[in-house]
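A quick write-up on the structure given underneath.
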Amino acid sequence: MPVFTRSVAVALCGLTAGPAAGAAGAETVAAWEEGAQLSFADAARHFARLGDSREARFGRAVMLVNAQPKTLANVAEGRALFLALRRERADDEPGIGALYYLARIAQFHEARPDLAAARTSFATLVAEHGDHFYGQLARFKLATLALYDAADTRPPAERLAAAEALGEPLHHPGIKRDFHLLAAEAHLRFHLSVEHALRHFLAAESGRAPVRDVVRAALFLQIGECARELGRHGLARRFYERFLAEFPRDARGATVRARLAGLPREVAP
Amino acid sequence: MNPGRLLRGCALGLLVGCFGFGAFRLLHRHQREHDPNRVTVRFAHWQLEAGVAEGFDRIARDYERRHPHVRIEQLRIPERVFAQWATTQLIGGTAPDLIELGFNIDTLLKARHFEPISRFIDAPNPYNAGTPLAGQPWRNTFVDGLDSGFDEKLGDYYGIPSFFATIRVYCNRNLLREITGGEQLPGSYDELLALCEKTRAFAARTGRALVPIAASRDNAPYLLDELFAAQSQKLVHAFSPLRKLLPSQDGFFSGYLAGEWNFDTPAIRSGLTLMREVGQYLQPGFLQLRREDAMFHFCQGKALLVAAGSWEATGLRTQARFPLGVFRLPVPGPDHPRYGTHTWGRPAESGGRTAESGGRRTTGPFGLYQGSKHPDVALDFLRFLSSQRAHQAFIDRSGWLPVVVGVEPPESMRDFAPDPEGALGGLSLRWGAEILRITENNWHLLFAPHGGVEAFVAEVAPRYREAMAADMRRRDRRSFQQLMLGDSSLEAVRQLAARQPDDPGQQFKLEALLQTQNERDVYYYYMNHRLADIARTNPETTR
């Protein structure tokens, strides 16, 4: 665990609780820190030493499924811990989280992925805890599966309509942003609707969630390009100019300047 | 005295002398490191090019003058052993305080042995006080906004870059004058070809061992890939529907499996023809040679041109006994009679931000070792190293391109500055490990005097599909693995962020990881869907 981070964690826990609780809290933070630094086996062992609390068991299960060496026994133990957490209580943080990770185990960690089981768990999360972080994330994962499940042979427009219906009620800023990017790019990948793609790109851009530089630069261009194709020159101009202002050294600048020069001036009505 | 005994005595004396000297050095270093009044910070890198050590040394001594209780030690590790050396030091717990990231220092090693620096980069760099960068967040003082220091898988910043790089063609001006009677560097593709032809004729006429272009397997791609990529511009952008104005590698290469392009596609033929045309002027046997061989050949005056990075400039100026000319590789433009159809012309060069737009040209990032005994001092030295004044001093000494905003490259490096004017980039044929293997094993067919495009295609095309499918499967496994691991680390960061709701660093990391993980989900399922779709319509393609 990074020395700086550990000191900060210990200090935070010590300040916000009594000495005993502070020490236990610091150890929990230390275990999560190990997980954040990809030391999953260490984190799983660390959580095991922290006793029988729900958070400790939840943390251990989350880390076990990725602990190296990866074994089916570890995955099975992780699944058993999640199931036990659900049985004891299904509506607190570890209980709700456990259902999300049971779905992810079915999706990725079993010897044979079971997408039907994953979908069922995600759907339960959406129905019972739709506003919770995991419920929101489950909605996004369901939308992704609706769109890109390799076994689904429905026409792209049908799959995209299903994904959009799933994603529209999202309100977590970061997950909503990612859903709009998913939908916009699907419209373009399947050559469905540039107009709808633009609507989604604009929604992703105007949301409250921060966007990484690389994604923001692309987003400005995607909006500019879609708007230009649709003849919305004022909008295209605005986003091309934002791109040039924010990313002046980007190699696409010359092309964007040429695009700008080629846009007809919109005359005010 | 018996000569045998004398010799043995001398050998023993020498051995004792060496041992004594070694012991003294070790003791001296030990004393220095354990001097209670002095802190030693060590930094390691593999940049052995001329001028770099002097540049770093100058910064180190400046820092020591400001902080007399600190001693800065520079460790120069040869490139060939750096990966093994760094891994051993990190695992053994004996690594220096700052290490140049790269080679095999991957995400896992970074996560376990390096300190994330995200929480420091939004504060101003105090060493920029009194400069136009005063008060600016540290991250914004770099031309790439510190993109190059960010690790997407960990959602954290780990490195502070130290230089910028471009690729240029170097020219021996003395030879140029001898061959052409003038000083004019080639400004177009046809002028480049004409110059190469003149060089060849000059060599034949004078009997001198001279080739137009020195090359090796390391630096020939600087020329050949760029030529091919320019010919692929229009084609690859047709496989990039997302309108990011970037070529999509996955879209383009999966398009091959879908039968949407092949080796008969005119742009591909044209790119290969262009590569062969220029390949004829490269040093014979270049596919077997390494970088040093090509540079040596050029420095000996046995080649008129060589393509190399800006980082070689100072070394070449020191070693070559002739004046150097420098120019960007001219590629055929859209008005070229033979190659104009498929190209938009020479691509623009990225000047930094963003990472996707033209490759990561900011490089040489230093990471902070978690086990550092003096992390605060090491970090402070990193701030000093990347401050505007210190970086200017480093650039002046090393002759490299600057990575800090407002730092001017030396006059001699003006021609190396990134050229922002130009078209969107294309792609070369280099991709996954299998494709790389079958193309690299057969390049000789393209460049051999009796070979050519047909010979190369006849050998590569039948095996390309299988290689592509293997590479796709490998990518699929890798993205699957990253997806699995991403869940556990995202959960950990989410738990930490919930405990520190007011820490912008933790919140940023959570957002970055959430976005990355959602992108991975989408990418994984999209690629699987695309490949399943291809398999349905072309069953033989994705075996």
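Everything numeric here is computed off the predicted structure, so don't read it as measured data. Proteins get letters first, then strands, A, B, ... in listed order; numbering begins at 1 in each.
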Counterpart residues, side chain to side chain donor-acceptor pair (under 3.5 Å), relative to B:Tyr525 (two or more places apart): A:Gln107

Heavy-atom side-chain proximity of A:Gln222 to B:Lys244 below 4.5 angstrom: yes

Contacting moiety of B:Ala492, where chain A heavy atoms sit under 4.5 Å: both

Side-chain heavy-atom pair A:Val29, B:Gln495 within 4.5 angstrom cut-off: no

Minimum heavy-atom distance between A:Met63 and B:Ser488, given as atom pair plus value: CE-O, 3.7 Å

Salt bridge (charged side-chain N to carboxylate O under 4.0 Å, His left out) evaluation trace for B:Glu511 with A:Arg177: CA-CA 11 Å; B:Glu511 275 300 329; A:Arg177 166 205 59 209; 3.1 Å; yes

Pick from A:Val256, A:Asp178, A:Thr153 with the largest number of heavy-atom pairs that fall under 4.5 Å of chain B: A:Asp178

A:Glu55 vs B:Arg499, salt bridge (charged side-chain N to carboxylate O under 4.0 Å, His left out): CA-CA, chis, key distance, verdict: CA-CA 13 Å; A:Glu55 181 173 2; B:Arg499 284 165 165 85; 2.6 Å; yes

Side chain / backbone / both / neither for A:Tyr101 at chain B, heavy atoms under 4.5 Å: side chain

Chain A contact via B:Tyr526 - side chain, backbone, both or neither, heavy atoms under 4.5 Å: both

Leading residue by heavy atom contact count with chain B [cutoff under 4.5 Å; candidates A:Arg257, A:His191, A:His187]: A:Arg257

side-chain contact (heavy atoms from CB on, under 4.5 Å) between B:Val493 and A:Glu33, worked out: CA-CA 8 Å; B:Val493 169; A:Glu33 268 295 341; over 6 Å; no

Under the side chain to side chain donor-acceptor pair (under 3.5 Å) test, residues paired with B:Tyr524 that sit two or more places apart: none

Region of A:Leu219 in contact with chain B, defined by heavy-atom distances below 4.5 Å: neither

Residue B:Glu519 versus chain A: region with a heavy atom under 4.5 Å: side chain

Chain A contact via B:Leu496 - which portion, at a heavy-atom distance below 4.5 Å: side chain

Chain B interface, residue from A:Ala184, A:Pro173, A:Gly253, A:Ser39 that has the most non-hydrogen pairs under 4.5 Å: A:Ser39

Derivation and outcome, salt bridge (charged side-chain N to carboxylate O under 4.0 Å, His left out), residues A:Glu229 and B:Arg243: CA-CA 11 Å; A:Glu229 284 175 45; B:Arg243 290 154 174 84; 2.7 Å; yes

Toward chain B: residues of residues 64-71 of chain A with heavy atoms under 4.5 Å: A:Val65, A:Asn66, A:Lys70

A:Leu181 and B:Asn518, any side-chain heavy atoms less than 4.5 Å apart: no

Heavy-atom closest contact (B:Pro241 atom, A:Leu188 atom, distance): O-CB, 3.5 Å

Pairwise distance CG(A:Asp213) to CG(B:Leu146) - rounded to 0.5 angstrom: 10.0 Å

Residue pairs involving residues 479-492 of chain B (criterion salt bridge (Lys or Arg N to Asp or Glu O under 4.0 Å); sequence neighbours excluded): A:Arg104-B:Asp487, B:Glu491-B:Arg494

Chain A contacts, top residue of B:Leu510, B:Leu513, B:Leu424 (heavy-atom pairs, under 4.5 Å): B:Leu424

4.5 Å side-chain heavy-atom contact, A:Phe140 and B:Val522: yes

Side-chain touch A:Leu38/B:Leu485, heavy atoms, less than 4.5 angstrom: no

Residue B:Ala512 versus chain A: region with a heavy atom under 4.5 Å: both

Contacting moiety of A:Asp42, where chain B heavy atoms sit under 4.5 Å: neither

A:Leu182 side chain reached by B:Asp521 side chain, heavy atoms, under 4.5 Å: no

Portion of A:Arg228 that has a non-hydrogen atom of chain B nearer than 4.5 angstrom: neither

Pairwise distance CD(A:Glu185) to CG(B:Leu242) - rounded to 0.5 angstrom: 4.5 Å

Side-chain donor-acceptor pair present, A:Arg212, B:Thr516, cut-off under 3.5 Å: yes

Interatomic spacing from OG1 in A:Thr255 to CG in B:Leu245 - rounded to 0.5 Å: 6.5 Å

Donor + acceptor pair across side chains of A:Arg159, B:His529 (<3.5 Å): yes

Exercise: identify the closest heavy-atom pair between B:Glu349 and A:Ala251: C-CB, 3.9 Å

Minimum heavy-atom distance between A:Ala150 and B:Arg536, given as atom pair plus value: O-NH1, 3.3 Å

Distance in Å, B:Ser489 OG paired with A:Trp32 CH2, rounded so as to fall on 0.5 Å steps: 11.5 Å

Worked check of side-chain contact (heavy atoms from CB on, under 4.5 Å) between B:Leu514 and A:Phe133: CA-CA 11 Å; B:Leu514 176 67; A:Phe133 173 78; 4.1 Å; yes

